[in-house]
Every structure is written in C-alpha cells, then in structure tokens.
Amino acid sequence: MSPKFQAIRGMKDLLADELPAWQRVEAAARELFADYGYREMRVPLVEQAELFQRSIGEHTDIVEKEMYTFDDRGGERLSLRPEATAGLVRAAIEHGLLHNQKQRLWTSGAMFRHERPQQGRYRQFHQIDCEAFGFAGPDIDAEVIQVSARLWRKLGIRDVRLSVNSLGTPESRRVYRARLVAWFSGREGDLDADSRRRLGTNPLRILDSKNPAMRALIEEAPRLLDHLDGESRAHFDRFLDLLAASGIEAEVDPRLVRGLDYYTRTVFEWRTSALGSQDAVCSGGRYDGLVEQLGGEPTPAIGWALGIERIVGLLQAAGTVGPPTAPAIYVVLSGERAERAGLALAERLRDALPGAGVVANMDGGSFKAQLKRADRSGAELAVILGDDEAARGTAAVKWLRTEAPQQEWPWDELPRRLAAALGREVTTGRNDG
C-alpha cells in the first residue's frame with residue numbers, strides 16, 4: 001500500500017476557495033505601496049544562517065529555537081528565512097542600493113519558524129514587509145504607520161489598535177538593561193523559568209512575557225521610557241505629534257520591546273482582540289544600526305511586517321471575505337460539431353470580454369448535467385451550443401441567476417450582447433498581452 005502523504009505539521013495548503021481573500025489583501029497592499037512610492041523587491045527564501053544570527057540576535061527565541069537551519073552539500077550553513085528584513089538589507093548592501101540613496105521598498109512571501117502550531121501561527125507563514133532606508137527623522141516613522149492604517153481602511157478592517165514605544169539608542173538601552181537586570185535579579189525567585197533564562201541573555205524580552213503570573217512584577221519594573229537619551233525622547237515626541245496630526249490614535253505601551261535585537265528608537269504593533277491569543281497583526285520599528293552591522297555604511301531604516309494569515313483571519317471574522325470568484329459565462333457544448341465550434345467561440349468571447357471569465361464545458365456530459373455544472377460554477381449566463389445551433393451559426397443564452405427568458409443570438413452579435421447583459425465593454429481584436 002502506498003504511503004499516505006500529508007502536509008508537514010504547521011505548513012498549510014491554501015485551497016482555491018480560500019485564495020480570493022489572500023488575493024484581496026495582496027492586491028490592496030500592492031496598490032497602496034504604489035500610491036506611497038514603495039517599490040517591490042524579491043529576495044531568496046534561503047540565506048546564510050549567520051545573517052540571521054547577526055541581525056536578529058543569537059539569544060533571541062527565533063535563532064535559539066525556531067530557525068530551520070541545515071548544512072547544504074557544500075558544507076555551507078543555511079537557514080530558511082524566519083523574517084524578511086535581514087534579507088532585504090543584505091540585498092540592498094550587495095547591490096549598492098543604499099549608496100547616497102534613499103529607498104522605499106516592500107516585499108512579500110513565505111517565512112519559516114519551528115513554532116508550536118496554533119490558530120494564526122504556522123511554521124510556514126506569509127508576510128508583507130514595508131521598509132524605508134536612509135530616512136533619519138520621525139516623519140518616516142509616521143509615514144510607514146500611515147501606510148498600514150490606510151491598508152486597514154482599504155480592507156474594511158476596524159478591530160485593530162496601535163501601540164507604540166521607544167527603545168532609545170543602543171547606548172541608552174545598555175544603561176537601562178543593567179538597571180533592569182539588577183532589578184529582576186533581586187526578585188529572581190518570582191521569575192518563571194523562561195524569564196530566568198532571559199535574564200542573562202536578553203532581559204528586555206522579560207517585559208514581553210505572555211505569562212499572566214508575571215504581569216504584576218513586570219508592571220513594577222523600571223520603564224525604558226524613563227531612561228531615554230534626549231535625542232530619542234525628542235524623536236519619539238515628534239513622532240507622536242505627527243501621528244496625532246494624521247488622525248491616527250496610538251497608545252504608548254512602555255512594555256512593548258519587540259523580539260528582535262536590531263530595533264532602535266520607535267517600535268510599534270497593531271493589535272486585535274478578534275483572533276484570540278495571536279493578537280499582533282502588524283509589527284515593526286526602526287533599526288538604524290542594522291545596515292552597518294551587516295557590512296554596509298551607517299544607514300537609518302524603519303519597517304514593518306504583517307502576517308497575511310492573520311489579516312485574512314480578521315476579514316473572515318468580520319464576514320467580509322465574500323464568495324470565491326466565479327466566471328461570468330459557462331459555455332454548454334452538446335455534440336461533436338458543437339464542441340469543435342464551441343471551443344473557438346469561447347476563445348472569441350475571452351478576446352472580447354477579458355477578465356469576465358469564460359469556462360467551456362469539458363469531457364462531455366448530458367445537456368442536463370452540463371447545465372448543473374454551469375449553475376454550480378456560479379456563472380451568470382450559460383451560452384448553449386448544440387449541433388443545430390452550430391449549423392445555424394447561433395447560440396442560445398440562458399440567464400442562470402434571474403428569470404429572464406432564454407434568447408438565441410448570432411455568433412457575430414454574441415460579444416456585444418453579452419457585454420451589454422454583463423454591464424461590460426467589448427474589447428476589439430485579440431488580447432493576448
């Protein structure tokens with residue numbers, strides 16, 4: 001007996017009926033990025049493992065526990081990308097995109113983390129990334145959030161709220177880190193096992209603990225906002241002012257630290273209450289030192305990533321996904337002569353009505369069976385061609401969603417009349433691109 005193959009745990013098949021919601025998100029993002037002047041880049045799924053160790057941080061959960069890392073046949077240590085920013089930075093440095101230039105870029109695709117699968121969290125997941133390089137001021141911080149806020153409006157998503165914070169510079173954060181370690185060390189007996197481990201490696205991540213038993217202790221801990229250097233404080237205050245001027249409401253969350261080591265100054269997160277425990281739908285911040293850290297010239301930068309699975313989940317929760325896309329026309333073909341003429345006729349209709357969707361019946365079947373297929377396809381109209389109609393050069397047109405009477409039209413009038421029935425314009429000539 002042949003083995004029963006299944007998708008790998010945490011890696012989900014996307015079926016045809018599910019994809020319209022994905023395509024809606026992707027199309028909205030693509031249009032929006034064009035409106036703001038962001039250009040698309042695409043980078044490999046696989047990078048050198050050291051790229052992520054140096055960028056994300058060796059002591060982060062992603063690098064320590066979650067990356068898919070392996071040695072290829074040449075002995076090189078490689079990883080499936082767990083996020084997109086490091087690869088974009090590597091590509092921008094490698095191709096000289098940051099030399100005396102400012103760049104607004106975006107990308108999308110699959111990411112990989114070996115996490116415990118649950119609703120809204122998969123081992124293969126998909127992100128859309130927005131990144132800006134070369135802009136040092138708080139105005140770009142506000143702009144990238146404007147982009148995300150407009151995306152929610154474009155998609156009709158309302159159940160999201162914005163949290164923001166500042167991590168300051170690496171220097172001011174080192175001072176704060178020392179104080180935080182001293183404070184938590186004096187209360188080590190109250191820390192859970194995960195927080196005790198982080199105390200010696202990445203103590204700021206304790207502030208991001210999801211353990212309810214840690215909440216009161218974290219609330220009492222020193223606040224990073226109280227330890228910002230003067231420039232970071234001024235940057236953050238101006239950023240908040242620009243957000244308010246844009247009409248974007250934001251909550252300052254002093255415990256928001258983000259899970260990647262490369263963040264500096266502004267960090268932010270869009271959250272929702274509609275998806276259970278997976279409440280973050282879009283996260284990001286500044287990473288002004290990352291380009292230099294990866295071998296480039298000092299370059300300020302900021303960006304965000306959103307999880308497509310979670311945005312689709314929000315659309316589904318709001319009931320705004322809509323039905324799968326259906327063709328406008330189903331061509332019923334009954335008889336050998338009708339089949340021969342009908343396939344050519346269907347091509348003429350596709351030329352005249354691009355984008356409408358014209359499905360021709362395949363593999364025969366009785367007239368009654370074909371009409372059932374036409375109805376199940378969701379088409380608005382059935383164009384019916386039998387051998388008799390083919391001999392006369394006509395086709396019967398049956399409305400499938402209304403009680404309008406069936407009509408018979410000559411082939412040369414079909415494109416114009418079908419276009420009028422569907423509220424579309426006829427395209428003259430072939431449209432092969």
| field | Centroid-centroid distance, Phe33 to Trp106, less than 6.0 Å | value | yes

Using atom types as modelled and distance alone, determine if a side-chain donor or acceptor of [X] lies under 3.5 Å from a backbone N or O of [Y].
X      : Y      : value
Asp13  : Leu15  : no
Asp288 : Ala301 : yes
Arg401 : Asp375 : yes
Arg310 : Ala280 : yes
Lys102 : Gly134 : yes
Gln127 : Asp129 : no

| field | Steps toward salt bridge (charged side-chain N to carboxylate O under 4.0 Å, His left out) verdict (Asp35, Arg30) | value | CA-CA 9 Å; Asp35 287 344; Arg30 184 177 295 277; over 6 Å; no

Exercise: do [X] and [Y] side chains pair donor with acceptor under 3.5 Å:
X      : Y      : value
Tyr68  : Gln124 : no
Gln101 : Gln103 : yes
Thr264 : Arg286 : no

I need the minimum non-hydrogen distance between [X] and [Y], along with the two atoms involved.
X      : Y      : answer
Leu217 : Trp183 : O-CH2, 3.4 Å
Val43  : Ala91  : CG1-CB, 3.8 Å
Ser232 : Arg265 : OG-NE, 3.0 Å
Ile302 : Tyr287 : C-CE2, 3.6 Å
Gly57  : Val63  : O-CG2, 3.2 Å
Val144 : Cys130 : CG1-SG, 4.3 Å

Heavy-atom count check: over 12 atoms from other residues, nucleotides or ligands less than 6.0 Å from [X] [atom1]?
X      : atom1 : answer
Glu76  : CD    : yes
Arg161 : CZ    : yes
Glu40  : CD    : yes
Glu171 : CD    : yes

| query | When rounded to the nearest 0.5 angstrom, what is the spacing between CG in Leu88 and CZ in Phe133? | reply | 6.0 Å

| query | Side chains of Val332 and Asn361: closer than 4.5 Å at any heavy-atom pair? | reply | no

| field | Residue pair Asp253 / Glu269, side-chain heavy-atom distance below 4.5 Å | value | no

| Can you check salt bridge (charged side-chain N to carboxylate O under 4.0 Å, His left out) on Lys12 and Glu309, steps first, answer last? | CA-CA 10 Å; Lys12 186 177 181 293; Glu309 284 87 349; over 6 Å; no

Residues [X] and [Y] bridged, charged N to O under 4.0 Å:
X      : Y      : result
Asp363 : Arg373 : no
Glu220 : Arg187 : no
Arg348 : Asp351 : no
Glu115 : Arg113 : no

| request: List the steps and the verdict of salt bridge (charged side-chain N to carboxylate O under 4.0 Å, His left out) for Arg197 and Asp194. | output: CA-CA 5 Å; Arg197 178 181 63 83; Asp194 198 41; 2.8 Å; yes

| salt bridge (Lys or Arg N to Asp or Glu O under 4.0 Å) partner of Glu47, chosen from Arg90, Arg81, Arg54 | Arg90

| Which word best sums up how the rings of Trp22 and His126 line up, parallel for under 30°, tilted for 30 to 60°, or perpendicular for over 60°? | perpendicular

